[in-house]
A.B. asks: 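Let me give you the structure first, and then I'll get to my questions.
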Amino acid sequence: MSPTGHRADDLYGSDVFSLRVMRQRLPRETYRSLLRTIEQGEPLDPQVADVVAATMKDWAIERGATHFTHWFQPLTGLTAEKHDSLMAPDGSGGVTFNFSGSELVQGEPDASSFPSGGLRATFEARGYTAWDPTSPAFLIRGDNNVTLCIPTGFVSWTGQALDTKIPLLRSMEALSQQALRILKLFGTDTGVGRVVTTVGPEQEYFLVDRDLFYARPDLVTCERTLFGARPPKGQQLEDHYFGTIPPRVLAFMSEVEQELWRVGVPVKTRHNEVAPGQYEIAPLFETSHLASDHQMLLMETLKRVAPRYGLQAILHEKPFAGVNGSGKHNNWSMSTDTGVNLLDPQDETHTNLQFLVFLCATIRAVDLHADLLRASIASAGNDHRLGANEAPPAIISVFLGSMLSDILDQVEKGLPKRTLRGGTIDLGAKSLPQLPRHSGDRNRTSPFAFTGNKFEFRAVGSTASVAWPNTILNLIVTESLDYLAGEIEKRVGTSPTPAKVHQAALRVLKSILKTHRRVIFDGDNYSPAWHAEAKRRKLPMLADSVAAFPVLTQKKNTELFRKYGVLDKAELTSRANITIEKYVKQVEIEAEMMATMARTQILPAALEHQTLMAEAAGATNAVGVETPDGIAALRTFVELVSTLRRAITALEGANGKGHKSPLAHAKHMREMVQPAMADTRAIVDRLETVVSADLWPLPTYRDLLLLK
């Protein structure tokens, strides 16, 4: 039983218009037709849409719904919704409930105020939402309302994608086509209709007391602290990670899980993270587009439930300096629709040549397109996190572990003949079991690590939608699968046999490893020596987002997106423009907020403290007692306050300049504004350590982080 008294199987998906519900409620032929659309991509029959809409409406009304919305994911990085009533006057003084197939399939929200990155002019307002039947509709419950949410794609009047879902779906279809070529070569495509990518994104977040949150204008506006001296106790003792979850936090987590289970989000793990006040929630694996939808729901649910417990959930990548930031570990794999994980090495890995082909295709993809993968996670927030001793560096590399590295060494030298075994661990106490040891360790410093039967892309930011990095990951692996399939097909000719395929695949893999082994690194990615080694290997060194932005519109990448039908040139350029614009605006907002707080809150508090110091020195001198230390401290403090004034003026001046292009503006924010912000912060943080605590206007890190 759950804490609410529900049985788990009654709770899970109870507010989802799932396949199980449709099978129970729809006419048999309607259900079968819809299933062919969902599973095989057949065009949707309009008559089927009418029946589904009527059934969905009845199901939703039975559960209290009064409105419906097409729930979509525009290029804001958030979700969007426009609610329409299910009720209409019946002409006789009453109401009737209507919801047609056309309303289910297509909506028309105004597109003019969403980011388009130049795809459309501001006055060109028409946009369409298109029902995605592969992502089930669900109910969102408020205090006194229930709304039917229908996942959709979002396009402009021209048909160009204005969201994150459509490119992700396109990339999945492209990957499936190329993966099926590999399966056909190995004769393992029997019964397989398509290959899907799966994702399990782990979500890190902070919780702070809600009253303290609203006492910090920087947290309210920017979701990160622009000032804050380190507290005496942060994460030095490493006592928060996996520690006992505080009761208030555990109650919050339980309610979040219940709400997520209701809408079909299969969350699995909860625990304390490394930093004080930091936590993690992780779902089970799902098909990539479902995982993306559910990840957006998860973030919204964290935000919505936290206030019920007097808490505020913070998803920013680096809300507090000096302690770990938050990421979103993107666990990615490929699977057939029959349930076979194509990145599962199995027991005798050295004999599993098909697995090695998919593995090496991914390695090649990451090496060839490391710059594009780096650009997929570029943001102002993530720049504060990447490269610190808590997160992977901005240099993209692949970790494989000892077992796979050994097998690839064997492939390079000839025919692989062994698979390393991990054995068992004897704990030395008879009452404890012997533990099976994995054949390879894990590497938490690697940005792209193989972790048993998947790759973990650890560099994704905690605020980000996983749709965009997975779109790019799918795309680059698609290109590699296409290349490997073509090379093997060329070598086996028109009459392939298992022996020919085996020999051809080995030759291709040897060539791949010779060229792309440079991206494999199993050591400490935090080490300064790795940076020197990565430079020697000529790996892309894109240290920050501004360096990564131009990658998106390079000719080779524009052609890559076009070739596999994921984005045309205009669609890709729009995303580059939006990413740069968001970076600039975010830093501008932070700089303006910092200057405002420093001038209107910090400076008055410092001046009041300065007055008290001067009065104390004057009163002491008035009774004939000399206080040279006090006078020296006063002079030092006065100079510190004067330095703050100059820093504020410099920050305001740097933040107000115009620029010829968005990229030039972004470079200015990186090279002029952010250093001015760092200078201002250093002064304010020093003031925090000397100004009287009762005068300091902001809750400190000690207040914010030590949540119980």
A.B. asks: With a 4.5 Å limit on heavy-atom distance, are the side chains of Phe399 and Asn525 in contact?
C.D. replies: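 Side chain of Phe399 against side chain of Asn525, heavy atoms only: no contact under 4.5 Å found.
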
A.B. asks: Any idea which heavy atoms bring Ile396 and Ala370 closest together, and the distance?
C.D. replies: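 Distance-wise, the nearest heavy atoms are CG1-O, 3.7 Å.
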
A.B. asks: So which heavy atom on Tyr12 is nearest to which on Gly264, and how close?
C.D. replies: OH-O, 3.2 Å

A.B. asks: Checking side chain to side chain contact (heavy atoms under 4.5 Å, CB included) for the pair Lys569/Leu572: CA distance, chi angles, key distance, verdict?
C.D. replies: CA-CA 5 Å; Lys569 183 176 181 180; Leu572 180 58; 6.0 Å; no

A.B. asks: So, does Asn352 use its side chain to make a donor-acceptor pair with the main chain of Gln346 at under 3.5 Å?
C.D. replies: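 Side chain of Asn352 to backbone of Gln346, a donor-acceptor pair under 3.5 Å: no, none is there.
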
A.B. asks: Which atoms form the tightest heavy-atom contact between Val551 and Asn557, and what is the distance?
C.D. replies: O-ND2, 2.7 Å

A.B. asks: Please round to the nearest 0.5 Å and tell me the distance separating atom OG of Ser335 and atom CG of Leu342.
C.D. replies: 6.5 Å

A.B. asks: Step through it carefully: locate the ring centre of Phe358, locate the ring centre of Phe186, and say whether they are under 6.0 Å apart.
C.D. replies: no

A.B. asks: Let me confirm one number: the CD-CD1 distance from Glu348 to Ile407, rounded to the nearest 0.5 Å.
C.D. replies: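 Interatomic distance, Glu348 CD to Ile407 CD1, rounded to 0.5 Å: 9.0 Å.
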
A.B. asks: Using side-chain heavy atoms (C-beta onward) and a distance below 4.5 Å, is Leu104 in contact with Ile150?
C.D. replies: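 A side-chain contact exists here, since the closest heavy-atom pair is under 4.5 Å.
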
A.B. asks: Salt bridge (charged side-chain N to carboxylate O under 4.0 Å, His left out), that's the test. Do Lys490 and Glu487 meet it? Break it down for me.
C.D. replies: CA-CA 5 Å; Lys490 185 167 58 178; Glu487 290 296 303; 3.2 Å; yes

A.B. asks: Holding to salt bridge (Lys or Arg N to Asp or Glu O under 4.0 Å), I want the full list of residues that pass it with Lys328, two or more places apart in sequence or in another chain.
C.D. replies: none

A.B. asks: Treating Ser511 as the side-chain partner and Arg507 as the backbone partner, does any N or O pair qualify as donor plus acceptor under 3.5 Å?
C.D. replies: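 Judged by distance alone, no pair lies under 3.5 Å.
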
A.B. asks: Could you tell me whether Gln47 atom CD has more than 12 heavy atoms of other residues or ligands within 6.0 Å of it?
C.D. replies: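 Counting neighbours around CD of Gln47, 12 or fewer heavy atoms of other residues, nucleotides or ligands fall under 6.0 Å, so no.
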
A.B. asks: Just checking, any donor-acceptor pair under 3.5 angstrom between side chains of His350 and Gln410?
C.D. replies: no

A.B. asks: Side chains of Ser465 and Gln295: donor-acceptor distance under 3.5 Å anywhere?
C.D. replies: no

A.B. asks: Spell out, as yes or no, whether a donor-acceptor pair under 3.5 Å connects the side chain of Asn331 to the backbone of Glu202.
C.D. replies: no

A.B. asks: In terms of side-chain geometry, is the basic nitrogen of Arg575 or Glu571 positioned less than 4.0 Å from the acidic oxygen of its partner?
C.D. replies: no

A.B. asks: Determine whether Phe561 and Ile472 make a side-chain contact, defined as any pair of heavy atoms from C-beta on separated by less than 4.5 Å.
C.D. replies: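 Result yes, sub-4.5 Å side-chain heavy-atom pair found.
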
A.B. asks: Are Gln178 and Leu484 close enough that some pair of their side-chain heavy atoms sits under 4.5 Å apart?
C.D. replies: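 No - every pair of side-chain heavy atoms lies 4.5 Å or more apart.
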
A.B. asks: Backbone N or O of Gly193 within a donor-acceptor pair of the Asp337 side chain at under 3.5 Å?
C.D. replies: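 Side chain of Asp337 to backbone of Gly193: a pair is present.
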
A.B. asks: If the threshold is 4.0 Å, N to carboxylate O, is there a salt bridge linking Lys556 and Glu559?
C.D. replies: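 Salt bridge between Lys556 and Glu559, a charged N being under 4.0 Å from a carboxylate O: no.
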
A.B. asks: State whether a side-chain donor-acceptor pair under 3.5 Å links Asp45 with Ser33.
C.D. replies: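 Judged by distance alone, the side chains do not pair up.
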
A.B. asks: Please check if the side chain of Thr37 supplies one atom and the backbone of Glu42 the other of a donor-acceptor pair under 3.5 Å.
C.D. replies: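 Yes; judged by distance alone, with no hydrogens or angles, the pair exists.
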
A.B. asks: Testing the basics here: between Val519 and Leu539, what is the closest heavy-atom pair and its distance to 0.1 Å?
C.D. replies: CA-CD2, 4.2 Å

A.B. asks: Could you walk me through whether Leu475 and His369 pass the side chain to side chain contact (heavy atoms under 4.5 Å, CB included) test, one step at a time?
C.D. replies: CA-CA 10 Å; Leu475 173 64; His369 304 288; over 6 Å; no

A.B. asks: Which residues pass the side-chain contact (heavy atoms from CB on, under 4.5 Å) test with Ala548, sequence neighbours left out?
C.D. replies: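 side-chain contact (heavy atoms from CB on, under 4.5 Å) check on Ala548 returns Arg374, Ala375, Ala378, Leu542.
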
A.B. asks: Is the shortest heavy-atom distance from the side chain of Pro447 to the side chain of Ile395 under 4.5 Å?
C.D. replies: no

A.B. asks: Would the number of heavy atoms belonging to other residues, nucleotides or ligands and lying under 6.0 Å from NZ of Lys184 be above 12?
C.D. replies: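 Count not over threshold, so no.
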
A.B. asks: Residues two or more places apart in sequence or in another chain: which of them pass side-chain hydrogen bond (donor to acceptor under 3.5 Å, both in side chains) with Ser379?
C.D. replies: none

A.B. asks: Are the charged groups of Glu581 and Lys585 less than 4.0 angstrom apart, N to O?
C.D. replies: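 Yes, Glu581 and Lys585 are salt-bridged.
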
A.B. asks: Looking at every heavy atom in both Leu373 and Ser376, which two are closest together, and how far apart are they?
C.D. replies: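 Nearest pair, atom of Leu373 first, then Ser376: O-OG, 2.6 Å.
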
A.B. asks: Would you check if there is a donor-acceptor pair between the side chains of Asn474 and Ser288 at a distance under 3.5 Å?
C.D. replies: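 The answer is no; no qualifying pair exists.
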
A.B. asks: Counting N and O atoms only, with roles assigned by atom type, does the side chain of Arg181 sit under 3.5 Å from a partner on the main chain of Gln177, one being a donor and the other an acceptor?
C.D. replies: no

A.B. asks: Hey, could you give me each pair passing salt bridge (charged side-chain N to carboxylate O under 4.0 Å, His left out) that has a residue in residues 355-368? Not counting sequence neighbours.
C.D. replies: Arg364-Glu479, Asp367-Arg518

A.B. asks: If I compare all heavy atoms of Asn453 with all of Pro345, which pair ends up nearest, and what's the gap?
C.D. replies: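 Shortest heavy-atom separation between Asn453 and Pro345 comes out as CA-CD, 4.4 Å.
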
A.B. asks: For the backbone of Ala467 and the side chain of Thr471, can you confirm whether one donor and one acceptor N or O come within less than 3.5 Å of each other?
C.D. replies: yes

A.B. asks: First locate atom CG of Leu290, then atom OG1 of Thr198, and finally report the distance between them rounded to the nearest 0.5 Å.
C.D. replies: 11.5 Å

A.B. asks: Hey, what do you get for OG1 (Thr351) to CG (Asp347), rounding to the nearest 0.5 Å?
C.D. replies: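 It comes to 9.5 Å.
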
A.B. asks: Would you check if there is a donor-acceptor pair between the side chains of Thr197 and Asn470 at a distance under 3.5 Å?
C.D. replies: no

A.B. asks: Just wondering, do Leu404 and Phe450 contact through their side chains at under 4.5 Å, heavy atoms?
C.D. replies: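 Result yes, sub-4.5 Å side-chain heavy-atom pair found.
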
A.B. asks: Anything under 30° is parallel, anything over 60° is perpendicular, the rest tilted; go ahead and classify Trp332 against Phe455.
C.D. replies: tilted

A.B. asks: Considering residues at least two apart in sequence or located in another chain, which fulfil the ring-ring contact (aromatic ring centres under 6.0 Å, His included) criterion with Phe549?
C.D. replies: Tyr583

A.B. asks: State, yes or no, whether a side-chain contact exists between Asp132 and Leu169 at a heavy-atom distance under 4.5 Å.
C.D. replies: yes

A.B. asks: Would you say the side-chain atoms of Tyr128 pair up with the backbone N or O of Ser156, donor to acceptor, closer than 3.5 Å?
C.D. replies: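 Not at all, since once roles are kept as given, no pair shorter than 3.5 Å links the two residues.
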
A.B. asks: Report yes or no: does Thr129 contribute a side-chain atom to a donor-acceptor pair with the main-chain N or O of Gly153 at less than 3.5 Å?
C.D. replies: no

A.B. asks: Decide yes or no on side chain to side chain contact (heavy atoms under 4.5 Å, CB included) for Glu81 and Ile140, but give the supporting numbers first.
C.D. replies: CA-CA 12 Å; Glu81 52 195 55; Ile140 288 294; over 6 Å; no

A.B. asks: Could you check whether any side-chain heavy atom of Leu400 comes within less than 4.5 Å of a side-chain heavy atom of Ile363, counting everything from C-beta outward?
C.D. replies: yes

A.B. asks: Are a donor atom and an acceptor atom from the side chains of His70 and Thr152 found within less than 3.5 Å of each other?
C.D. replies: no

A.B. asks: Roughly how far, to the nearest 0.5 Å, is SG of Cys360 from CD1 of Ile512?
C.D. replies: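 One finds 7.5 Å between CD1 of Ile512 and SG of Cys360.
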
A.B. asks: Counting distance only, does the side-chain N/O of Ser480 pair as donor-acceptor with the main-chain N or O of Ala361 below 3.5 Å?
C.D. replies: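 It does hold such a pair.
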
A.B. asks: Does Val195 form a side chain to side chain contact (heavy atoms under 4.5 Å, CB included) with Ile182? I'd like the steps, not just the answer.
C.D. replies: CA-CA 11 Å; Val195 171; Ile182 301 293; over 6 Å; no

A.B. asks: We want to know whether Lys454 and Thr451 form a side-chain donor-acceptor pair, criterion being a heavy-atom distance below 3.5 angstrom.
C.D. replies: yes

A.B. asks: With sequence neighbours excluded, tell me which residues meet side-chain hydrogen bond (donor to acceptor under 3.5 Å, both in side chains) with Tyr564.
C.D. replies: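 Counting only residues at least two positions away or on another chain, Tyr564 forms a side-chain hydrogen bond (donor to acceptor under 3.5 Å, both in side chains) with Asp482.
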
A.B. asks: Once you round to the nearest 0.5 Å, how far does OG1 of Thr79 lie from CD of Gln73?
C.D. replies: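 One finds 7.0 Å between OG1 of Thr79 and CD of Gln73.
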
